[in-house]
Structure formats: structure tokens, C-alpha cells
Amino acid sequence: MFSPEQIRKDFHILEEELAYLDNAATTQKPDNVINAIRHYYMKQNSNVHRSNYELAELATQAFESSRRTIANFIGSEPEELIFTRGTTESINLLAYSFFVGGLIEAGDKIAVTIAEHHSNFVPWQQLSKRFGTEMVYVDTDDEGRISLSEVKKALDKGVKLLAFTGMSNSLGVVMPYVEICHLAKERGVLTVLDGAQLVPHHKVNVKEVGCDFMAFSAHKMLGPMGIGALYGRRELLEKMVPFLYGGEMIDEVTLEDTTFNVLPYKFEAGTPNVAGTVGFGEAIRYLARLEWGKVQEHVKKLADVLIHELERIPYVEVYGPKDETQHSIVSFNIKGLHPHDVSQYLNSWKVAVRSGHHCAQPQLKRIGVPATCRASVYFYNTERDVERMLEAIKNITNEFPWVG
Ligand SMILES: Cc1ncc(COP(=O)(O)O)c(C=O)c1O
């Protein structure tokens with residue numbers, strides 16, 4: 001039985017009287033994740049894949065067991081799952097490796113949507129500035145949705161690669177990512193799926209989705225910061241050059257040349273964040289035990305209540321879609337107030353939301369605002385959290401009488 005009240009008992013930090021509604025920035029961590037990291041440092045800490053004493057074996061087993069758990073969760077082979085520092089590093093790895101390794105060349109067209117987080121926008125834009133690739137932009141509608149016809153229009157310009165988010169972090173739009181990958185595949189276009197917001201909320205099987213690559217971050221799905229992953233189709237990873245050079249990713253080094261290790265180690269230079277991977281694996285084990293249908297229904301319901309109730313307040317403007325394409329993230333502004341003032345005011349009510357451009361300036365520009373407040377819900381949030389935020393917003397005119 002899915003019960004958010006019961007679930008909250010697994011999250012020490014949620015014992016505080018705080019409506020934590022900034023889950024799109026980072027989620028809280030359950031005790032099993034914190035304990036697993038502690039256990040690793042107390043009982044298993046050693047470098048991995050380097051030594052054959054017992055402690056090193058334990059650390060290596062914990063590291064590789066996490067890889068298998070995470071790979072299994074997204075339907076990939078363990079060799080296709082590379083540990084990185086997170087989504088940002090995963091995408092930078094791709095941009096660098098594609099260009100340096102010749103999979104992308106000057107003159108090639110790269111499409112991105114304007115809904116992207118800067119992490120899936122700037123690396124591709126910089127590639128075009130520095131190395132002469134050409135950017136093709138896929139527009140959204142006024143509410144941040146991407147239509148398949150806009151995608152087709154872009155792909156038919158002879159694009160080599162399409163990088164797009166499965167779920168927008170600024171407006172909470174769930175994109176038609178399966179259909180988009182299908183369209184790209186039909187045209188032989190490589191796909192990079194930004195799963196940073198998607199994977200925490202939707203069960204994504206990369207083989208069924210048909211993407212070539214997918215990047216995601218542990219900290220947005222109960223895991224620790226500083227660790228994430230890049231999934232890549234094996235044939236493509238085999239062809240790619242490493243992003244970082246150094247220990248662990250080599251096979252043999254001579255004065256003349258270096259050969260590289262097999263997958264996934266070819267892309268994992270240096271001592272890895274083993275404790276991070278242990279926490280990541282444990283986070284996935286926690287998520288895998290949940291009833292996902294119920295979790296999604298609960299999150300959707302909370303976000304829908306927020307949208308519906310905010311829309312009834314005359315001095316509130318809510319952005320993004322208000323239908324089934326929206327999930328968990330609610331972006332809004334109070335007319336006449338800067339979003340930073342609103343989030344600071346909400347803080348005085350013990351409500352944590354983010355304000356700003358959410359690292360998605362092209363999207364915000366498209367909807368005509370420089371910044372918003374963003375409330376983002378996860379499965380441990382309750383009606384009480386949502387009600388507290390709504391009560392605060394309804395009382396905002398007491399603090400700022402000119403509003404409304
Ligand atoms: C859609 C999206 N992509 C990429 C990122 C970057 O993730 P990270 O900072 O974990 O690398 C974020 C983080 O907010 C995001 O929401």
C-alpha cells in the first residue's frame with residue numbers, strides 16, 4: 001500500500017516542519033541511502049578494480065552491484081552504463097567525444113529544443129561556436145510543449161543528432177519522448193535523451209524508448225550529489241573516444257601510444273566516486289520497491305491541486321500546460337512581485353520553492369518571463385505541504401498589500 005505518510009518516516013530530514021517543494025532541484029535522501037554510504041565508509045572503503053585483498057574486493061563488488069542495479073532499472077546492459085558526476089558531465093562527455101572522435105564534424109547539424117536545461121543546450125551551442133557545427137532549434141508552443149511536427153521539421157533539415165529533454169525542468173512538460181526517438185530513428189538521427197527530470201518520475205526502459213544515449217543524475221532521484229550516469233548504445237560507445245584520460249580507463253600504455261580499457265571503464269578515468277555509486281544503487285533499490293502507478297498518480301494529483309488552486313487566485317499567473325502533459329512541476333508568478341521575493345516570503349511560511357530562470361533561459365524567454373517561482377513535488381510530499389503553500393499564497397497580500 002502506497003502511503004506518503006508512511007514513506008516520510010524513511011526520510012529523516014522530512015521530520016522538520018517544512019514543506020519541501022524543490023524536488024526538481026534535488027530530492028531528499030532516505031535513511032537506507034545515507035546508511036549505505038556510511039556502511040561503505042565504515043566497512044568497505046578501498047579503491048576499486050586495483051587490488052586483490054578482501055577489502056578491495058568488497059568495494060569493487062559494491063561498486064559493480066550498483067552498476068548492475070541501475071542498468072537493470074533502465075533496461076540497459078551494465079557495460080552500457082557509465083558513471084559520471086551527473087547529467088551535465090554526461091552530456092559534456094558526449095559533445096566532446098562526438099567531436100574529437102569524428103562522429104560529429106564541422107558543418108553537421110545538431111538539433112536541440114528550446115525547452116532544454118542549459119546543461120543540454122550550452123555544450124551543443126559551444127560546439128557550434130568553436131568547431132563549426134550548426135544549431136537547429138526545435139520550438140515549443142506557448143506552454144512549453146514540443147509537437148511532433150516541429151520535431152519532424154527540424155529533423156528534415158538533415159540533422160545528425162537530436163538532443164532533447166524527456167521532461168522539462170522549468171514547466172514540467174512530459175515530452176513525447178518515445179515518438180520523438182522513433183522519428184529520429186526513422187531518419188538515422190542520433191538521439192541524446194536528457195533524463196534528469198524524466199527518470200525520477202517515469203519508468204524509462206532505454207531499449208523500449210529507442211534512444212541512443214540517456215543522461216541522468218542520482219541526486220534528483222533520492223541518491224547523493226556528484227554521481228550520475230550516461231547510458232549509451234554499445235555499438236556507439238565502442239566507436240567513441242574517451243572524454244577523460246588517466247588511470248582505470250587504459251589497457252596498455254607505452255611510450256608510443258595507449259590502448260583503452262573495455263566498456264564501461266574506457267569512459268571512467270581516475271578513482272571513481274565509489275560511495276556515490278553505492279548511494280545511487282541504494283536509491284534505485286528504494287525506487288524499484290515503490291508502486292509506480294500509485295506514486296505517479298499521487299504526484300500528478302498534488303501538482304494538479306496546486307495548478308487548479310493557484311489559477312483561482314487572481315494575482316497568480318501559472319505557466320505551462322494544465323493537462324496530462326504536465327507532471328510534478330508548477331511554475332508561477334505573483335503579479336507585481338519578483339519571484340525571489342515570493343520564494344523568500346514562502347520561506348517564512350516554511351515552504352521551500354525555487355525562484356529564478358531554472359537554468360532554462362531560452363524557454364523562459366519563449367514564454368515571455370525572465371524568472372518564475374517553481375514548486376516541484378515528489379512522492380513523499382503530502383496534501384499538507386500543498387495546502388501550506390496555497391495558504392501562504394492566499395495570505396501574501398498581508399505582507400505585500402499592493403498585490404492583487
Ligand atoms: C532537465 C535537466 N537537465 C540537466 C540538469 C543538470 O543536472 P545536474 O546538475 O545534476 O548535472 C538538470 C538539473 O536541474 C535538469 O533539470
Side-chain angles (χ1 to χ4, degrees), residues 70-77 79-82 87 90-91 93-95 97-98 103-104 108-117 119-121 123-124 133 135-141 144-169 171-217 221 228-240 292 296 321 324-327 363:
I70 300 159
N72 187 46
F73 187 72
I74 61 156
S76 86
E77 297 301 323
E79 298 77 24
E80 296 174 312
L81 191 104
I82 297 153
T87 306
S90 297
I91 295 168
L93 181 162
L94 289 174
S97 175
F98 286 158
L103 285 181
I104 297 277
D108 284 344
K109 292 182 178 145
I110 295 176
V112 300
T113 86
I114 63 155
E116 299 313 307
H117 186 283
S119 294
N120 196 28
F121 194 95
W124 307 113
T133 53
M135 294 295 281
V136 173
Y137 294 112
V138 182
D139 197 10
T140 68
D141 68 11
R145 295 188 201 87
I146 294 172
S147 71
L148 294 179
S149 57
E150 281 295 320
V151 174
K152 265 191 213 152
K153 221 160 72 185
L155 296 182
D156 289 340
K157 288 180 179 157
V159 158
K160 186 124 179 213
L161 179 143
L162 168 69
F164 73 104
T165 187
M167 181 174 153
S168 103
N169 72 306
L171 299 173
V173 185
V174 182
M175 306 298 181
Y177 54 95
V178 180
E179 292 83 352
I180 293 175
C181 286
H182 189 73
L183 286 178
K185 204 173 225 168
E186 277 178 348
R187 290 159 176 79
V189 175
L190 290 172
T191 45
V192 176
L193 177 59
D194 176 347
Q197 297 294 339
L198 181 70
V199 184
H201 292 283
H202 296 267
K203 269 263 169 113
V204 178
N205 180 307
V206 286
K207 302 289 170 176
E208 285 168 13
V209 169
C211 54
D212 292 307
F213 299 94
M214 183 172 79
F216 54 112
S217 300
M221 46 195 306
L230 172 67
Y231 155 77
R233 250 187 335 111
R234 186 193 298 262
E235 311 88 272
L236 292 165
L237 291 176
E238 298 281 11
K239 283 188 210 159
M240 286 163 54
W292 275 63
Q296 284 170 322
E324 71 291 344
T325 58
Q326 178 280 342
H327 196 81
Q363 178 70 92

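With T191 contributing its side chain and D212 its backbone, the two residues share a donor-acceptor pair below 3.5 Å. Judged by distance alone, the side chain of E77 and the main-chain N or O of A71 form no donor-acceptor pair under 3.5 Å. Under a 3.5 Å cut-off, the side chain of S217 and the backbone N or O of T87 do form a donor-acceptor pair. A donor-acceptor pair under 3.5 Å links the side-chain atoms of S168 to the main chain of G172, judged by distance alone. For K152 (side chain) and L183 (main-chain N/O), no donor-acceptor pair under 3.5 Å exists by modelled atom type.
Contact between M175 and G144 at its shortest, heavy atoms only, is CE-O, 3.5 Å. What you find for S76 and Y231 is that their closest heavy atoms are CB-CD1, 3.4 Å. Minimum heavy-atom separation, G232 to L237: O-CD1, 3.3 Å. What you find for L148 and P176 is that their closest heavy atoms are CD2-CG, 3.9 Å. Closest of all the heavy-atom pairs between A95 and P123 is CB-CB, 4.1 Å. In this structure, L103 and M240 approach most closely via the heavy-atom pair CD1-CG, 3.5 Å.
Side-chain contact check for K153 versus E150: some heavy-atom pair is nearer than 4.5 Å. At a threshold of 4.5 Å between non-hydrogen side-chain atoms, the residues L161 and D108 do not count as touching. Using a 4.5 Å heavy-atom threshold, the side chains of K160 and I110 count as separate. Looking only at side-chain heavy atoms (C-beta outward), I74 and N205 stay at 4.5 Å or farther from each other. With contacts defined as side-chain heavy-atom distances shorter than 4.5 Å, the pair S147/D141 does not qualify. Side-chain contact between L162 and L190 is absent, with no heavy-atom pair separated by less than 4.5 Å. The closest side-chain heavy-atom distance from T325 to V174 is not below 4.5 Å. The closest side-chain heavy-atom distance from W124 to L94 is below 4.5 Å.
In this structure, H202 places its NE2 atom where more than 12 heavy-atom neighbours from other residues, nucleotides or ligands lie under 6.0 Å away. More than 12 heavy atoms of other residues, nucleotides or ligands shown are found within 6.0 angstrom of NZ on K207.
Screening T165, T113, L171 for a side-chain contact (heavy atoms from CB on, under 4.5 Å) involving Q363 leaves a single residue, L171.
Here CD1 of I114 is found 4.0 Å from OG1 of T140. Values are rounded to the nearest 0.5 Å. For the atom pair H327 NE2 and H201 NE2, the distance stands at 5.5 Å (nearest 0.5 Å). Between the OH atom of Y177 and the CE atom of M167 there is a distance of 10.5 Å, given to the nearest 0.5 Å. Here the CG-CG distance, from L93 to L230, works out to 6.0 Å after rounding to the nearest 0.5 Å.
Aromatic ring pairs are classed by plane angle as parallel below 30°, tilted from 30° to 60° and perpendicular above 60°; the pair F121 and Y137 is parallel.
Among residues at least two apart or in separate chains, salt bridge (Lys or Arg N to Asp or Glu O under 4.0 Å) pairs with a member in residues 177-190 are D156-R187.
Under a 4.0 Å N-O distance rule, the pair E80/R233 does not qualify as a salt bridge.
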Original post:
Given the rule in the side-chain contact (heavy atoms from CB on, under 4.5 Å) test, do V138 and F164 qualify, once you have shown the distances and angles that lead to the verdict?
Top reply: CA-CA 9 Å; V138 182; F164 73 104; over 6 Å; no
**OP:** Report the C-alpha separation of V159 and V189 in whole Å, then their side-chain angles, then the decisive distance to 0.1 Å, and conclude whether the side-chain contact (heavy atoms from CB on, under 4.5 Å) test is met.
**Re:** CA-CA 7 Å; V159 158; V189 175; 3.9 Å; yes
